[in-house]
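To start, the structure itself, in structure tokens.
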Amino acid sequence: MLQIQKIRTHKDSIIKNILEIRKVNVSDQINNIYDLDLKKRDTQKNLDELSAHMNVLSSQIGEQFKNGNIEKANNLKQETTLLKENIKKLKLSFDELDKSIIDLLYQIPNVPNQLVPPGKSENDNEIIFSSPIDSLKSESFLPHWDLCQKYDLIDFELGVKVTGAGFPIYKGKGAILQRALIQFFLNEGNKSGYQELSLPHLVNESSGYGTGQLPDKEGQMYHVSVDDLYLIPTGEVPITNIYRDVIVEEKDLPIKHVGYTPCFRREAGSYGKDVRGLNRLHQFDKVEIVQITKPSESHQTLDQMVKYVESLIKKLELPYRKLKLCGGDLGFTAALTYDLETYSVGQEKWLEVSSISNFETFQSNRLKLRYRTQNRKIDLAHTLNGSALALPRIMASLLEINQNKDGINVPEVLRTYTGFDSI
RNA sequence: GGAGAGGUGGCAGAGUGGUAAUGCAACAGCCUGCUAAGCUGUCAACGAGCAAUCGUUGCCAGGGUUCGAAUCCCUGUCUCUCCGCCA
């Protein structure tokens, strides 16, 4: 959620930026917010004055009663009747204005960082780095779903029986490999100074609002209606919401967390070849990293996080590429995002395995996540997060590129975790 | 699931109808040769003002009663204790 103060002072540049970079016109909404805010402040001023008057009268009445001047007190009481009514009316319109402003603010996407290239779709994303893949194009590479069947690693049909499409069952070495990857990612995170967290997989409504899944993406989360809880679509939700309504001390920044969780996504409306095999699932595992930083440092932190995630991919010896998302492909809440994609030699396409974003104050404003500087000033912190990494697509790329005629090699770094060298 | 108790600032803890004591911690300033102690002040949100400052709001949340609510009433929620069930 954008800060209302920024709309007061930089209304036109916000409209211009979102239009030019994201190609979305928010001018009507922003102007509307601006006008409502003026009205709201005016209303508050009036309301405050009346309330102040009321407070004075009330204490006078109290005085009079104490002194036994019942008649005087009753006279004063009469004065309050009209005042009370007006206060009620003003309070009502104040609340209405406040609600309208917040509803509108929820609909405005984050203002892209100046580094974000303009663009409409993923075709306009900027490719910053790409491993050479020409030598990897060969018909002899099987796609991972064939490999999974051949070596009995992941059973998609069995998952359909037990739950439904998109809930595969990992078996034997497939399950062990998955567990090895999780452990590898967590250990690497710990080594890089991220505190490990083990998290709830269900969250309440407030948490859904805190990180921005609600109200916009309500349909994408599984909802447990009896208890009004949501299954998390990403570990970001429980991790970041730890800091909802929190003021942290500057000296405790940056805060760094890593956590493994399963992720649940309804993916309503996705069908076709994109969902084949491990490409898109309703339940998948992910290790997530989150950082909370001072505003002055978040930019640098984002680069470090990208570098860190790249290092994981490199250790797994996977070909990958790095993209800077253009305005049109940038998520609603992000100010700047880098995507990392590994190459799937069996499908001959790139798979998004990590999305690393700086949200600047967009999330912290909604979360009320602030920090106290050394001279006692309170200011919104910046939040960042990224996948490190999403398991299924890593698994897909990994299985495909390490296949040979009689099996699949396990990358060097994972062998201590799996206990076997090949499948 | 049943019964009971409770939710007050960063923490501890008073307040049961007159507008949030006190202690600890933290931070700033003063004092000091240094440290400790001491003294003074501050602590959340919103608004008005160039500013010092002022006003309003804030005692789990939302309603209600009242001139006035942390305090009384209703609803919700969470925590704790006991019982039941249980990994």
Side-chain angles (χ1 to χ4, degrees), chain A residues 1-9 33-105 198 200-210 214 223-230 238 241-253 255 292 294 361 363-381:
Chain A
M1 187 165 69
L2 291 184
Q3 294 170 77
I4 187 73
Q5 295 89 333
K6 293 228 167 115
I7 292 180
R8 278 179 205 155
T9 51
I33 291 171
Y34 185 84
D35 293 339
L36 288 171
D37 179 56
L38 283 180
K39 265 189 215 160
K40 183 188 143 185
R41 281 190 286 164
D42 193 48
T43 308
Q44 179 172 356
K45 208 176 141 195
N46 290 334
L47 181 61
D48 282 357
E49 278 167 12
L50 293 191
S51 302
H53 190 194
M54 183 63 131
N55 286 342
V56 171
L57 283 180
S58 289
S59 63
Q60 280 175 358
I61 292 170
E63 277 299 302
Q64 299 298 350
F65 270 128
K66 237 183 224 170
N67 298 336
N69 299 329
I70 310 284
E71 200 181 325
K72 261 191 185 169
N74 281 328
N75 285 341
L76 284 171
K77 258 199 203 180
Q78 281 181 348
E79 237 183 279
T80 63
T81 323
L82 184 65
L83 196 55
K84 210 176 160 186
E85 228 169 85
N86 287 334
I87 286 175
K88 212 172 184 179
K89 268 189 220 154
L90 276 178
K91 179 81 171 74
L92 212 66
S93 62
F94 178 85
D95 287 345
E96 261 170 37
L97 286 166
D98 196 45
K99 188 175 180 304
S100 318
I101 290 169
I102 287 176
D103 284 349
L104 281 167
L105 276 175
S198 183
H201 300 165
L202 285 92
V203 294
N204 58 29
E205 194 184 14
S206 305
S207 294
Y209 276 96
L214 296 173
H223 182 217
V224 182
S225 54
V226 244
D227 293 304
D228 201 16
L229 296 172
Y230 295 86
N241 272 288
I242 294 172
Y243 296 95
R244 172 155 45 84
D245 292 319
V246 166
I247 300 176
V248 295
E249 295 297 328
E250 183 176 9
K251 64 174 165 49
D252 295 329
L253 297 176
I255 290 168
I292 297 163
K294 287 191 266 187
T361 58
Q363 278 187 333
S364 57
N365 186 37
R366 200 182 280 206
L367 286 162
K368 296 208 183 75
L369 161 52
R370 292 158 296 171
Y371 74 103
R372 204 191 306 269
T373 64
Q374 251 127 32
N375 45 12
R376 313 300 287 169
K377 281 249 163 66
I378 287 172
D379 199 8
L380 292 173

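Protein chains get the first letters and strands the later ones, always in sequence-line order, with residue 1 at the start of each.
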> Please give, in whole Å, the distance from B:A44 P to A:Asp379 CG?
Replying inline: 13 Å

> In whole Å, what separates the C1' atom of B:C31 from that of B:A37?
Replying inline: 11 Å

Tabulate protein N/O versus nucleotide N/O from nucleotides 56-60 of chain B, keeping only pairs under 3.5 Å, one per line.
residue: B:U56; atom: OP1; partner: A:Asn55; partner atom: ND2; Å: 3.1
residue: B:U56; atom: O2'; partner: A:Asp48; partner atom: OD1; Å: 3.0
residue: B:U57; atom: OP2; partner: A:Asn55; partner atom: ND2; Å: 3.3

>> Looking at B:A44, I'd like to know if its phosphate oxygens (OP1 or OP2) sit under 4.0 Å from a side-chain N or O belonging to A:Arg370.
In response: no

> For A:Arg41, what residues pass the salt bridge (charged side-chain N to carboxylate O under 4.0 Å, His left out) criterion, not counting sequence neighbours?
Replying inline: A:Asp37

> Please give, in whole Å, the distance from B:G47 P to A:Asp37 CG?
Replying inline: 7 Å

> What is the pairing partner of B:C80, taking Watson-Crick or G-U wobble pairs with both distances under 3.5 Å in any strand?
Replying inline: B:G4

>> Strictly by Watson-Crick or wobble contacts shorter than 3.5 Å, is anything paired with B:U22, and which nucleotide is it?
In response: B:A12

> Given atom CD1 of A:Ile4 and atom P of B:A45, what is their separation to the nearest angstrom?
Replying inline: 17 Å

>> Using 0.5 Å steps for rounding, measure from the CG atom of A:Leu369 to the CG atom of A:Leu380.
In response: 7.5 Å

>> With rounding to the closest Å, how many angstrom separate the P atoms on B:A36 and B:A45?
In response: 30 Å

> A:Asn204 CG to B:G76 C1': how many Å, rounded?
Replying inline: 15 Å

> How close or far is atom C1' of B:A25 from atom CD1 of A:Ile247, stated in whole angstroms?
Replying inline: 16 Å

>> Give me the distance, rounded to whole Å, that separates B:G1 from B:G84 when you measure between the C1' atoms they each carry.
In response: 8 Å

>> Taking atom CD as the centre, does A:Glu71 end up with more than 12 heavy-atom neighbours from other residues, nucleotides or ligands that are less than 6.0 angstrom away?
In response: no

>> Applying the side chain to side chain contact (heavy atoms under 4.5 Å, CB included) criterion to A:Gln3, which one of A:Thr361, A:Leu105, A:Thr9 satisfies it?
In response: A:Thr361

Listing time: all N or O pairs from protein to nucleotides 65-68 of chain B that are below 3.5 Å?
residue: B:C67; atom: O2'; partner: A:Ser58; partner atom: OG; Å: 3.3
residue: B:G68; atom: OP2; partner: A:Lys84; partner atom: NZ; Å: 3.4
residue: B:G68; atom: O4'; partner: A:Ser58; partner atom: OG; Å: 3.4

>> Is it true that A:Asn204 and A:Ser207 share a donor-acceptor pair across their side chains at a distance under 3.5 Å?
In response: yes

> Watson-Crick or G-U wobble partner for B:C46, using a 3.5 Å limit on both distances?
Replying inline: B:G55

>> Side chains of A:Leu2 and A:Asn365, heavy atoms from C-beta outward: is any pair under 4.5 Å?
In response: no

> Watson-Crick or G-U wobble partner for B:U65, using a 3.5 Å limit on both distances?
Replying inline: none

> When you compare B:C24 with B:A14, how far apart are their C1' atoms, in angstrom units rounded to a whole number?
Replying inline: 15 Å

> Looking only at heavy atoms, what is the nearest atom pair of A:Ala381 and A:Ser364, with distance?
Replying inline: O-OG, 2.6 Å

> From A:Leu47 CG over to A:Asp42 CG, what is the distance, rounded to the nearest 0.5 angstrom?
Replying inline: 11.5 Å

Anything under 3.5 Å between a donor and an acceptor, one on a side chain of residues 85-99 of chain A, the other on a protein residue two or more places apart or in another chain? List them.
residue: A:Lys91; atom: NZ; partner: A:Asp95; partner atom: OD1; Å: 3.1
residue: A:Lys91; atom: NZ; partner: A:Asp95; partner atom: OD2; Å: 3.2
residue: A:Ser93; atom: OG; partner: A:Leu90; partner atom: O; Å: 3.1
residue: A:Asp98; atom: OD1; partner: A:Lys40; partner atom: NZ; Å: 2.9
residue: A:Lys99; atom: NZ; partner: A:Asp103; partner atom: OD2; Å: 3.0

> How long is the line joining CD1 of A:Ile101 and C1' of B:G47, in whole Å?
Replying inline: 13 Å

> What distance, rounded to whole Å, do you find between the two P atoms, one in B:G62 and one in B:C30?
Replying inline: 42 Å

> Which whole number of Å gives the distance between the C1' atom of B:A20 and that of B:U77?
Replying inline: 24 Å

>> When the C1' atoms of B:U8 and B:C59 are compared, how many Å lie between them, rounded to an integer?
In response: 4 Å

>> A:His223: which residues meet the ring-ring contact (aromatic ring centres under 6.0 Å, His included) condition with it, sequence neighbours left out?
In response: A:Tyr230

>> Without decimals, in angstroms, what is the distance between A:Tyr243 OH and B:G10 C1'?
In response: 16 Å

> With respect to the phosphate group of B:A48, does any side-chain polar atom (N or O) of A:Arg41 fall under 4.0 Å of OP1 or OP2?
Replying inline: yes

>> Expressed as a whole number of angstroms, how long is the span from A:Lys91:NZ to B:C46:P?
In response: 15 Å

> Does B:A28 have a Watson-Crick or wobble partner in any strand here, with both distances under 3.5 angstrom, and which is it?
Replying inline: B:U40

For a quick test of your reading: what N or O donor-acceptor pairs under 3.5 Å do the side chains of residues 72-84 of chain A make, sequence neighbours left out?
residue: A:Asn74; atom: ND2; partner: A:Ile70; partner atom: O; Å: 3.4
residue: A:Thr80; atom: OG1; partner: A:Lys77; partner atom: O; Å: 2.5
residue: A:Thr81; atom: OG1; partner: A:Gln78; partner atom: O; Å: 2.9

> Using the P atom in both, what is the distance from B:C73 to B:U16, to the nearest Å?
Replying inline: 14 Å

